[in-house]
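Everything on this sheet refers to the single structure shown next.
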Amino acid sequence: MHRHRSSLGDLLHHIHVSGPLSRAALAERMGVNRSTILGWTAELVAAGLVREEHPSGTTGAGRPSLVVVPESERVWVLAFDVAVDRLVAARVGLGGRVLDRREAARPRAGVDLDTVVRKLAALGRELIEPGSLCVGVGASYCGMIRPGDGMVRYGPEMGWVDQAFGAELSRALGIGLPVAVGNEAHLGALAEFQRGAGIGSPDLIYLHGDVGVGGGILVGGQLLGGEGGYGSEVGHMLVNPVDGRPCLCGSRGCLEAETGECALLDAAGRESGEFGRDAVRAVVRDATAGDRIAASAVAEIGDWLGIGVANLINLFNPGVVIFGGTLRDVYAAAAPQVAARIGQHAMPVSRERAQLRVSALADDATLIGAADLGFGALMSDPLDAPTAKSAADTAAR
């Protein structure tokens, strides 16, 4: 029975990630015959998770093959993205489509667990759709997350240390579902691999810029988590040991200290009251428009970023390096400096196949990653999904 449900989960995952697929395509992907796919699909249809319909835009003679389509409007998760300056909540349907969303500013006010949880819970409850099926809750957080229980072990930007974020948010939501929590860059890496700039590249590195720099590394399609689940902290890789800028982790010359928000704004001579994504993107815009000071600042940051990427290429031999968050904008303007450092410092045999790309999911990479985390239980056992329906209806009432 467990193996059968696992196969159903694999089938559902293909549809969830790739969208509508014919039975023939599913049979080929899963290496089974069409009659087996027919039976499995019938079970998922009976469970209300998928439907079969004619493909859109079909023309010509003969009966077109039916495609299996996720029930995106009916089956969904709540997804939360906690960045340094903003809070995002969304209802994300099966198939990865954002159905509805809410956003709120997050002041830089230090340890703010109660405020964040209260605000996210209120936003989440606004998104619940009566009569539909909420099958999970996932959250992305800008810090080091203990696997299994959603504990934020360390979030340097806001001073969070051992904060029970997942448990507190689950309690505040009150819909009877646990909250699965992951590191933002880890989730961004997985999302880009499944749906974005990393499709078809199982060995990839995702670099996420917020105030600092986070990293997610996939090896053979699997997240490199390390012994305790805290691996891939590329933002705290040492790149400038001589006169490096101080980092919030207590060291100096870390990649995020040399390439993060503060470094860019300082180099551009911006006022102390300017901060956040909009301020970073304003410097990049000015640099692109020809402002000499802004252009010099972007070039300086790109130089340090290139050193960091060269080290990562030498260490992990990735097929793709993806720049997300604010680094998506910074890299677009500093690509020549990044490329020059890679050419200077990365081993030729490692760099020759490494492609540099910006995130295809843009600011939603970490949110979509959080949603996929929320869908985890459904993918493990699709036939257990109805147990979550009463929770959603209770919250709606």
Side-chain angles (χ1 to χ4, degrees), residues 79-89 104-121 137-172 178-191 205-217 223-237 246-251 254-257 259-262 275-277 324-327 363-374:
F80 299 100
D81 187 15
V82 182
V84 175
D85 290 329
R86 68 169 185 158
L87 305 173
V88 183
R106 181 190 184 192
R108 297 187 183 184
V111 182
D112 56 349
L113 175 66
D114 292 343
T115 302
V116 167
V117 165
R118 185 169 61 251
K119 186 63 178 177
L120 288 179
V137 185
S140 163
Y141 188 84
C142 51
M144 301 173 74
I145 311 300
R146 184 165 68 195
D149 64 0
M151 174 75 74
V152 179
R153 295 302 312 277
Y154 185 49
E157 302 298 343
M158 305 300 279
W160 282 30
V161 177
D162 290 337
Q163 300 288 304
F165 173 54
E168 292 297 326
L169 181 55
S170 177
R171 187 177 301 112
V179 177
V181 184
N183 169 269
E184 60 178 356
H186 292 189
L187 296 179
L190 291 167
I205 296 173
Y206 173 77
L207 299 176
H208 185 82
D210 192 357
V211 174
V213 174
I217 300 173
L223 187 66
L224 186 64
E227 194 276 333
Y230 310 119
S232 305
E233 281 292 324
V234 303
H236 298 288
M237 173 176 57
C247 183
L248 288 175
C249 74
S251 184
C254 294
L255 179 64
E256 77 167 43
T259 64
E261 174 188 306
C262 292
F275 59 86
R277 293 183 305 156
T326 54
L327 285 181
D363 287 338
D364 278 349
T366 51
L367 179 71
I368 296 302
D372 282 337
L373 194 63

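The structure presented is a predicted model; accordingly, all values stated were derived computationally and were not measured.
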Tell me the closest heavy-atom pair linking [X] and [Y], and the distance in Å.
| X | Y | answer |
| --- | --- | --- |
| Ala185 | Gly214 | CB-C, 3.5 Å |
| Pro147 | Gly229 | CG-CA, 3.8 Å |
| Ala83 | Cys142 | C-SG, 3.9 Å |
| Cys249 | Cys254 | SG-SG, 3.7 Å |
| Ser140 | Ala370 | N-CB, 3.6 Å |

Checklist entry - Just by distance, do the side chain of Asn183 and the backbone of Gly143 share a donor-acceptor pair under 3.5 Å? => result yes
Item to check | Under 3.5 Å: donor-acceptor pair, side chain of Glu261, backbone of Gly276 | outcome: yes
[X] side chain near [Y] side chain, heavy-atom distance below 4.5 Å:
| X | Y | value |
| --- | --- | --- |
| Leu187 | Asp372 | no |
| Arg108 | Val211 | yes |
| Val137 | Phe80 | yes |
| Leu223 | Ile217 | no |
| Glu184 | Tyr141 | no |
| Leu373 | Leu190 | no |
| His208 | Thr366 | yes |
| Ile145 | His186 | no |

Checklist outcome for this item: Hits for salt bridge (Lys or Arg N to Asp or Glu O under 4.0 Å) against Asp210, two or more places apart or cross-chain, chain-then-number order -> none
Could you state the interatomic distance from [atom1] ([X]) to [atom2] ([Y]), rounded to the nearest 0.5 Å?
| X | Y | atom1 | atom2 | result |
| --- | --- | --- | --- | --- |
| Leu207 | Ile205 | CG | CD1 | 7.0 Å |
| His236 | Ser251 | NE2 | OG | 9.5 Å |
| Asp363 | Ile368 | CG | CD1 | 12.0 Å |
| Tyr206 | Leu327 | OH | CG | 8.5 Å |

Next on the checklist: Could you go through Leu87 and Val116, starting from their C-alpha distance and side-chain angles, then the distance that decides it, and tell me whether this counts as side chain to side chain contact (heavy atoms under 4.5 Å, CB included)?
Outcome noted: CA-CA 8 Å; Leu87 305 173; Val116 167; 4.1 Å; yes
Item to check | Candidate pair Phe275 and Cys262, rule side chain to side chain contact (heavy atoms under 4.5 Å, CB included), full reasoning | outcome: CA-CA 8 Å; Phe275 59 86; Cys262 292; over 6 Å; no
Which donor-acceptor pairs under 3.5 Å do side chains of residues 162-172 form with protein atoms, sequence neighbours excluded?
unit_1, atom_1, unit_2, atom_2, d
Asp162, OD1, Arg153, NE, 2.4
Gln163, NE2, Val161, O, 3.2
Glu168, OE1, Arg171, NH1, 3.1
Glu168, OE2, Arg171, NH1, 2.9
Ser170, OG, Leu177, O, 2.8

Item to check | Test log, rule side chain to side chain contact (heavy atoms under 4.5 Å, CB included), inputs Glu256 and Cys247 | outcome: CA-CA 8 Å; Glu256 77 167 43; Cys247 183; 4.0 Å; yes
Checklist entry - Should Arg277 and Arg86 be marked as a side chain to side chain contact (heavy atoms under 4.5 Å, CB included) after you check the CA-CA gap, both sets of side-chain angles, and the distance that decides it? => result CA-CA 10 Å; Arg277 293 183 305 156; Arg86 68 169 185 158; 3.6 Å; yes
Next on the checklist: Distance to the ring centre below 6.0 angstrom and angle to the axis at most 45 degrees; does that hold for Arg106 and Trp160?
Outcome noted: yes
